[in-house]
Amino acid sequence: MTVYLPDGKALEVPEGATARDVAQRIGPGLAKAAVGALVDGELYDLFKPLPPGARVRILTEKDPEFQTLFRHTLAHVLAQAVREYFREKGYDPDSVKLGVGPVIEKGFYYDIDAPEPLSDEDLPAIEEKMREILRRDLPLRRFVLPREEALARYRGKDPYKTELILEIPEGEEISFYQQGDESFGFTDLCRGPHVPSTGRIPPHFKLTHVAGAYWRGDERRPMLQRVYGVAFRTAEELKEYLWQLEEAKKRDHRRLGRELELFLIDPMVGKGLVLWLPKGNVVREELMAFMREEQVRRGYQLVTTPHIGSLELYKTSGHYPYYAESQFPPISFKERGEEEAYLLKPMNCPHHIRIYAYRKRSYRELPLRLAEFGTVYRYEKAGELLGLTRVRGFTQDDAHIFCTPEQVKGEFLGVLDLVLKVFATLGLKDYRARIGVRDPKSEKYVGDEAKWALAERQIEEAAAEAGLRYTVEEGDAAFYGPKLDFVVKDALGREWQLGTIQVDYNLPERFGLTYVGPDGEEHRPVMLHRAPFGSLERFIGILIEHFAGDFPLWLAPVQAVVVPVSEKQADYAQEVAHRLKEAGLRAEADLRNERMQAKVRDAEVQKIPYVLVIGEKEKAEGTVSVRRRHRGNLGGMPLPAFLEGALKEYRERLLESPF
RNA sequence: GCCGGUGUAGCUCAGCGGUAGAGCAACCGCCUCGUAAGCGGUAGGCCGCCGGUUCAAAUCCGGCCACCGGCUCCA
């Protein structure tokens, strides 16, 4: 058969030839350096037979793909090491059963059913075993078995591997990778690809932690021990990663929330319930004011609705009992002999729908946009709660747009524009858009096929028109309609959904909403749910990490601190602070009995944007010496000049100082 | 909810069978100071909670609670 090299050159090789054979034909030097190959753009190792006519590019340790190869092999090395670890503890190696061991973003993991639980304390010993396996330089080989033989290998020994084999589609190869021999090595069901031998793996890896993980992510199935590791090509990269991890921890909003006194989650109040401290509340209020302005400008009408609603309301909407699992249980008065029951509201939409429905609507009123900062309550599982990003009570910058089917796309575009404005104002660039469509295999969706298809198409068109980079993910739709979510990562790399836009053909149906069209007939409106921030709590959590606590002036809880050089300027410092406050800035004078250096430092640590230093010179001249956070002394200027610049920065919500 | 880990002063942490410690913060005093920590002093603890083992428990064991890392789910 013929294969083609990157330069277009054709190479004649025997049937079943591998990338190793091709490398050898090109030259012995390359054959030695080769670790894998890109075959028609797909990552191959040196073992897997090439398809005829393949375009082959040999990879060496210099290629970035090398990382994927050795991370994968490291997962196998980890499994082998764990097995040897338990054998030395006197267990039968077969008592260590294996789930899956894939490559992940910075490394790898392996899911292991171990005879006794692993803890972080076991990791150094396992890691040492792994290094030993690298030093043994065990060569890998790949082989294929017929289904029956493959099953026979694991029958009665490893239910996980057996299950995996049974799920490999008929006609697909069932391949194994073996490192070392059967007695002094390790063999695993695996589709590959892998490095040629364990000695080729750079020793720059580290086992990071153990965590429980349900087999196949299903909580009804057994829990395995997942051992996570990170791995890089060079010691520098590993060091850099570990350093970044430390830095990321400093950005953690839970830590900054405490250090900057932004919010509190008090177990006595209840887990997952946020207490906003005065400083954090400033951020909240500023964000709400910003959103209110933008919404009013865009034709939204503001409404206010209660925190609870009758159970009947949610039965009509279908939220109850559909989402009963994640709701606080109904508030009932049965013991008082009253039948009525209420639900802490898990969503605002039913309330808004009743506002729409309270009188007859004309097509001339549409699109009708009802907005509210609505606080909702959801009973998230205890283990799910996390700082501000996963809570049990949170405020959505919610709105519901009622429109005609023809208006859907235009409204969708309008919301996209608003979301992008929010992101641009805050300098959030690292986000992705995710369009959630139905999982064709699932039955959980309401509404008819044709409407779903229409909505899904409209969303994609609008996203494309807005120039968004997006991915389409099956099964990510809400039960009542498809949606577009904006997703960002927190400091530790976990992904969170922020803004969301969802099309809903279901609720208007359930509540029997109508409008009178130009034809005088009644028609059914379409509804859009949308929340640009998503939840204020989560959004602020992400913002804290995004800015590492260095909020732009308009969000900073304290915008300026006036620091007198000595007590002699205390009166002038107070006067300056007073004038800043008069002008609408959040400013204070720091009159503590401390040296000014200490006050400057405290202001930096508190991430206050401006420090105005006042000495004899400034007092005499009516000026202030301006110091910008992280930048240092900007020099003196007349107080009005500072006020003008700072107010511009504040009112225009600038990200950078104009000075 | 499940698996693993961790709970000591407001914060960060040491102590790990024998009378509870440090730094920072707080408070008081001295210093009156020019852009990231001046000096001295004082006060502060049901060592998460409940039970057990022991002559003796912050320390060992068990249960509970909270938090952390994951898994799962997510309107």
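Keep in mind that what you see is a predicted model, and the values were worked out from it rather than measured.
Side-chain atoms of Arg258(A) stay outside donor-acceptor range of the base of C11(B), with no qualifying N/O pair under 3.5 Å. Residue side chain Asn593(A) reaches the base of C31(B) through a donor-acceptor N/O pair under 3.5 Å, judged by distance alone. With hydrogens and angles ignored, no donor-acceptor pair under 3.5 angstrom links the side chain of Glu219(A) to the base of C3(B). Residue-to-nucleotide contacts include no donor-acceptor pair under 3.5 Å from the side chain of Tyr214(A) to the base of G70(B).
When the C1' atom of C71(B) is taken as reference, atom CD of Glu380(A) falls 15 Å away, rounded to whole Å. Distance Glu384(A) CD to C71(B) C1': 8 Å, rounded to the nearest Å.
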Tell me, with the steps shown, if Arg530(A) and Asp398(A) meet salt bridge (charged side-chain N to carboxylate O under 4.0 Å, His left out).
CA-CA 6 Å; Arg530(A) 45 102 285 177; Asp398(A) 208 358; 5.7 Å; no
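Taking atom P on both nucleotides, C28(B) is separated from A37(B) by 23 Å, rounded to a whole Å.
For Lys271(A), taking side-chain heavy atoms from C-beta onward, the closest of the listed nucleotides C67(B), G34(B), G69(B) is C67(B). Comparing atom distances between the Val600(A) side chain and each of G69(B), G34(B), A36(B) picks out A36(B) as nearest. Between G69(B), A37(B), A66(B), one nucleotide has an atom nearer to the side chain of Arg601(A) than all others, and that is A37(B).
Figure legend. G1(B) is base-paired to C71(B); pairs are counted as Watson-Crick or G-U wobble with both atom distances under 3.5 Å.
At a threshold of 4.0 angstrom between heavy atoms, the contacts of Arg226(A) are confined to the sugar-phosphate backbone, with no base atom among them.
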